[in-house]
Amino acid sequence: MKKTMLGLAIGGLAAVPLLAAAQFAKPEDAVRYRQGALNVMGVHFARLGAMAQGKMPWDPKAVADNVAVVEAVHKLPFTAFGEGTDKVSGSKAKPEIWSDRAKFDKARDGMFAAVAKLSQTAKGGQEAEIKKAIGDAGAACKNCHDDFRSR
Ligand code: ASC
């Protein structure tokens, strides 16, 4: 019985990367998915930004909660910039995402690294360190938006 439960648990874990690498029936579905994930990330990151800039009171519990959401969501949009999704109307994604993919991937990896650092710092770091990590993660968001998102 124990073995079976363990087998199920491991099977469940193995399924996670498959789920994360979401498949989409139509390019429109992928665009909606990435916009949704980016929107959720933006809402929670904006709360962190507001606290880091003193526009909202610094609240360690709210920081931890919002960092957890950003951490959970930040990789999801990048499963949804596949072929054909550059042709969908109503997207701000610039053609350079597909014509200069190496640069796009580098910007993505910079954001992943900044979020990893933020996550780590938020667990027990000093307020000033966490604020710096929020600033650095925000700069990574902006870095990619400057080059790859139209206004
Ligand atoms: C946000 C948000 C972004 C980033 C960026 C930081 O809250 O929605 O895209 O922060 O503006 O510079």
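Of the inter-residue distances, the one linking R149 atom CZ with I97 atom CD1 reads 10.5 Å to the nearest 0.5 angstrom. In this structure, the separation between CG on L48 and CG on N66 is 5.0 Å, given to the nearest 0.5 Å. Remark: F148 CZ to D100 CG distance equals 5.5 Å, nearest 0.5 Å. Atom-to-atom distance recorded for M111:CE and H74:NE2 is 5.5 Å, nearest 0.5 angstrom.
Under a cut-off of 6.0 angstrom, the local environment of NZ in K132 is sparse, with at most 12 non-hydrogen atoms contributed by other residues, nucleotides or ligands.
Salt bridge annotation for K117-D136: absent, with no cationic side-chain nitrogen under 4.0 angstrom from a carboxylate oxygen. Using a cutoff of 4.0 Å between basic side-chain nitrogens and carboxylate oxygens, D29 and R32 are scored as salt-bridged.
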Dump the intermediate steps for side-chain contact (heavy atoms from CB on, under 4.5 Å) on I130 and I134, then the final yes or no. CA-CA 6 Å; I130 303 171; I134 292 169; 4.1 Å; yes
Salt bridge (charged side-chain N to carboxylate O under 4.0 Å, His left out), that's the test. Do D147 and K103 meet it? Break it down for me. CA-CA 9 Å; D147 288 335; K103 188 177 177 187; 3.5 Å; yes
Could you give me the CA-CA distance, side-chain angles and deciding distance for D105 and R108, then say whether salt bridge (charged side-chain N to carboxylate O under 4.0 Å, His left out) is met? CA-CA 5 Å; D105 288 350; R108 172 203 64 192; 3.7 Å; yes
Should W98 and T85 be marked as a side-chain contact (heavy atoms from CB on, under 4.5 Å) after you check the CA-CA gap, both sets of side-chain angles, and the distance that decides it? CA-CA 10 Å; W98 293 272; T85 66; 3.3 Å; yes
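Between A80 and A30, the shortest heavy-atom distance links the atoms CB-O, 3.4 Å. Closest of all the heavy-atom pairs between A107 and N143 is CB-ND2, 4.1 Å. Counting all heavy atoms, side chain and backbone alike, F81 lies closest to A93 at CE2-CB, 4.3 Å. When all heavy atoms of R34 and S91 are compared, the closest pair comes out as NH2-OG, 3.2 Å. Smallest separation of non-hydrogen atoms from P27 and G84: CB-O, 3.7 Å. Of all heavy-atom pairs spanning T79 and L76, the tightest one is OG1-O, 2.8 Å.
Between F78 and F104, the two ring planes are tilted [angle within 30° to 60°].
The cluster map of Ile, Leu, Val, Met, Phe, Trp and Tyr, joined by side-chain heavy atoms under 4.5 Å apart, puts V115 and V43 in different clusters.
In this structure, K131 satisfies the cation-pi test against W58, with its NZ or CZ atom closer than 6.0 Å to the six-membered ring centre and inside 45 degrees of the ring normal.
By the 4.5 Å heavy-atom criterion applied to side chains, M51 and D59 are counted as neighbours. Using a 4.5 Å heavy-atom threshold, the side chains of V31 and Q35 count as touching.
Looking at T121, its side chain never comes within 3.5 Å of a backbone N or O of E129 through a donor-acceptor pair.
With hydrogens and angles left out, the side-chain atoms of E71 and S119 include a donor and acceptor closer than 3.5 Å.
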